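Structure record follows, encoded as structure tokens.
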Amino acid sequence: MGGLHRIEHEILGQLNPEQREAVLDRSHTCVVNANVGSGKTTVLVAKLLYLRHMENIRFDRMIVLTFTHKAAEEVRRRLEEREGSLTPEELSGFGTFHSVAYRLLKQFLPVEELGYTREFTVLLPEQELELARELIRREGLRIKYPARLPKRLEAAVRLGSRSRDSVEGKRLDKLQDDIWLLAEALEREKRQRNTMTFRELLVHGEALLRKYPIAPDWIVIDEVQDSDVQQLAFLDALRGRDTRLFAVGDPNQIIYGWRGSSINACFTLAHRYGARELSLPVNYRSSSRILEAAGRFKQYGDRLRGSREIQGRLRIRQAYDPLGEAYYLAEQIRCLREGGVAAGQIAIFYRLQAQAELLTDVFERERISYQVVTRRERDSGETYLEEQGISLYEEDNWESTGMESSQASDVRLMTLHASKGMEFTHVFIIGVNYGLIPLRSSGFEEEEEERRLFFVGMTRARDFLELSYYLQPGMPGVASGESRYLQMIPERLVERVDYIPGKPKAGCQEARTEGEGDQALQAPPGQSARRETSENSVENTAGQDSSGEQFITRRVRHPKYGEGTVMEENEEKVTVDFGELGVKSFLKDFVVLDAAGT
């Protein structure tokens, strides 16, 4: 086999027909709808290698845009596995939108025309806000409702005073304060200080590229569905007349509408440039049962096709309340760990970050090693710069907290938003109640995004997925009982596990991926088995009521609410007054109250 044929075989040999078609495509513009788990990074890297070796396009003649530092590093890593070490100059066009704009402004484009020097720095969002507040004090500007300043200022800077008569501009004018004067003063001050914001990297980059084009041979974009209007404008300026464009994305995974991502990004590119549209329909991640259930929430494209014959397991579970579920999850994690599942392959997803607090309290008490993973997304992106002691690339900005241990031995706790781009063998999505999943929406677009978010969460699971809801959620605005999302999943795909008060649990409700179905879970794991009678669970003291008759005061201790006084008790339920924390009622089969002072 000749050298080129051998290289071509190495690049294309492991691809399926749809992937191979995408790599071989030489259209002026090609937009690939890469369904979840369909190997989009594999295709993207194969495309780059094919261009380099079969089309003789140097890497430094390519611009490769990603949305996170993690994705950029993954592309680099895979290229170097095949190519060996690559120089920074060769990969100067590889990175996030913001980091590529930064390098162009630093190295190639005449920023002096805009009133900057090449030594310019970049403001973090909180630094820009602090500068604005300094100007308010120094200039004596009148700004109403300071809590609204970040959003109002962003809009005023973006629009500029020339757009004051637009619908959005008139909305800003309603407060009749000095917001426009502040925006103008801020722009002058940033130029005087030789500094610009993340958004301005793209704005200034776009303006100069239209005058001084660089016209790369190819532009390759990952996760194009997350592009906002400004990023698409920067892309348009970056592209020369003969530049070919290859974009990979999935409109079913647009979950950052509040950051300005456009639901029409994939379609906008396709129609603006007359693109050829391809699809990667085969999912290599999730088992067929999980995939079919998740497909009920897919909004665009054809039905997902799975490549795995293993059916896996999908379970819908009824929980009494968040506290009981936290103990249940601790027990399930023990079962999985004893069965040989790595803790790093187990994840618990929730809709709101506040839901993590109770889980972490219980996991600390139960000695479950965990990490809380958060993903902070800023409106303008997260470009941090080496010169300022931070990373050069827009990044996921993961924050992890938890018990001391190595990451490989930690169960992951995260919001559905933070789960994007990740995968685990075992996933638990909790709180699938209306008001949480989905959140209450003010319009059609928000509702559609909630649905896509649930789709993203479900498709993180490879072998096992459990969806649970609360009978007693105990959270404002959250309805009792299962969300309509669960009712959308065909019963033939799921096992249902219901909470039945009054019955002891029957063994470990292990989240296995093979074997017999589970029996119904009745009480928090590890609690009903060690449940004591009420005589042994409380401390009894004598007292007198106003009539002089004797009564028994019982003091108990709850793991979360602390010490309290039993107000009422029967065979099934106990009601306790915890003072400032209020009166709480508990099912005895679901919680153990220790005697106070023990």
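In this text the structure is predicted, and so the values were computed from the model without any measurement.
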| message | Side chains of T121 and T195 only: does a donor on one sit below 3.5 Å from an acceptor on the other? | response | yes

Salt bridge between R58 and E90, side-chain N to carboxylate O under 4.0 Å? no

(Q) Could you tell me if the side chain of F198 sits less than 4.5 Å from the side chain of L124, heavy atoms only? (A) yes

Q.
For the CZ atom on R138, are there more than 12 heavy atoms of other groups (residues, nucleotides or ligands in this structure) within a distance under 6.0 Å?
A. yes

Counting C-beta onward and ignoring hydrogens, is there a side-chain heavy-atom pair between R118 and Q107 closer than 4.5 Å?
no

Please check if any side-chain donor atom of S163 sits under 3.5 Å from a side-chain acceptor atom of R158, or the reverse.
no

Ring pair (Phe, Tyr, Trp, His ring centres under 6.0 Å) pairs touching residues 431-457, sequence neighbours excluded, are F297-F454, F454-Y485

Interatomic distance, CG@L172 vs CH2@W180, rounded to 0.5 Å, equals 5.0 Å

The reported gap from CE in M458 to CG in L416 (rounded to nearest 0.5 angstrom) is 11.0 Å

Is there a side-chain contact between M475 and P322 (heavy atoms, below 4.5 Å)?
-> yes

Check your understanding: So, do S227 and F67 sit near enough that their side-chain heavy atoms are less than 4.5 Å apart?
Key -> yes

Distance alone, cut at 3.5 Å: any donor-acceptor contact between the side chains of T96 and S99?
yes

Under 30°, 30 to 60°, or over 60°: which ring-plane class applies to Y116 and H204, parallel, tilted or perpendicular?
tilted

Would you sort out whether L201 and M196 count as a side-chain contact (heavy atoms from CB on, under 4.5 Å), showing the intermediate values?
CA-CA 7 Å; L201 290 173; M196 64 181 77; 3.7 Å; yes

Query raised in the report: When you look at CD of E357, are more than 12 heavy atoms from neighbouring residues, nucleotides or ligands closer to it than 6.0 Å?
Result: no

Quick one about E89 and S92 (side-chain donor to acceptor, distance below 3.5 Å, no hydrogens or angles considered), yes or no?
no

Here the gap from L153 atom CG to R148 atom CZ, rounded to the nearest 0.5 Å, amounts to 15.0 Å

| Are the side chains of L280 and N33 in touch, meaning some heavy atoms are under 4.5 Å apart? | no

Here the gap from I348 atom CD1 to L413 atom CG, rounded to the nearest 0.5 Å, amounts to 5.0 Å

Salt bridge flag under 4.0 Å for residues D177 and R152 = yes

Quiz item: So, Q353 versus Q355: side-chain donor-acceptor pair below 3.5 Å or not?
Solution: no

Fill in: Lys NZ or Arg CZ of R193 over F120 ring: under 6.0 Å, within 45°
no

Between D410 and S369, a side-chain donor and acceptor under 3.5 Å: yes

Intermediate values then yes/no, salt bridge (Lys or Arg N to Asp or Glu O under 4.0 Å), E423 and R460: CA-CA 4 Å; E423 64 177 78; R460 302 308 95 192; over 6 Å; no

#### Entry: Residue pair E55 / D217, side-chain heavy-atom distance below 4.5 Å
no

Those residues at least two apart in sequence (or on a different chain) that pass side chain to side chain donor-acceptor pair (under 3.5 Å) with E113 are K211, Y212

### Message
Looking at E73 and R76, is there a salt bridge between them, counting it only when a charged N and a carboxylate O are closer than 4.0 Å?
### Response
yes

- Step by step, work out the side-chain contact (heavy atoms from CB on, under 4.5 Å) result for V248 and T41. CA-CA 9 Å; V248 181; T41 305; over 6 Å; no

Open item on the list: Would you say E168 and S166 are linked by a side-chain donor-acceptor pair, where the criterion is simply a distance under 3.5 Å?
Closed with: no

Original post:
Can you check whether I214 reaches L238 side chain to side chain, under 4.5 Å on heavy atoms?
Top reply: yes

- request: Walk me through it: do V220 and I63 pass the test side-chain contact (heavy atoms from CB on, under 4.5 Å)?
  value: CA-CA 6 Å; V220 177; I63 297 290; over 6 Å; no

(Q) Do the side chains of R451 and E447 get close enough for a salt bridge, i.e. N-O under 4.0 angstrom? (A) no

Interatomic distance, CD@Q225 vs CG@L269, rounded to 0.5 Å, equals 11.0 Å

Here the pair of heavy atoms bringing V32 nearest to A22 is CG2-CB, 4.1 Å

With a 6.0 Å cut-off (strictly less than), is the heavy-atom count around CZ of R162, excluding the residue itself, greater than 12? no

So CG of L209 and CZ of R239: to nearest 0.5 Å the spacing works out to 14.5 Å

query = Would D173 and R164 pass as an ion pair if we require N to O under 4.0 Å?
reply = yes

- When you look at V427 and I346, which way does the side-chain contact (heavy atoms from CB on, under 4.5 Å) test go after all the steps? CA-CA 6 Å; V427 170; I346 305 170; over 6 Å; no

Review point. For the rings on F428 and F349, is their centre-to-centre separation under 6.0 Å?
Key: no

Between T459 and R285 the two heavy atoms that sit nearest each other are O-NH1, 2.8 Å

_With heavy-atom distances below 4.5 Å as the criterion, would you say the side chains of I429 and R351 are in contact?_
no

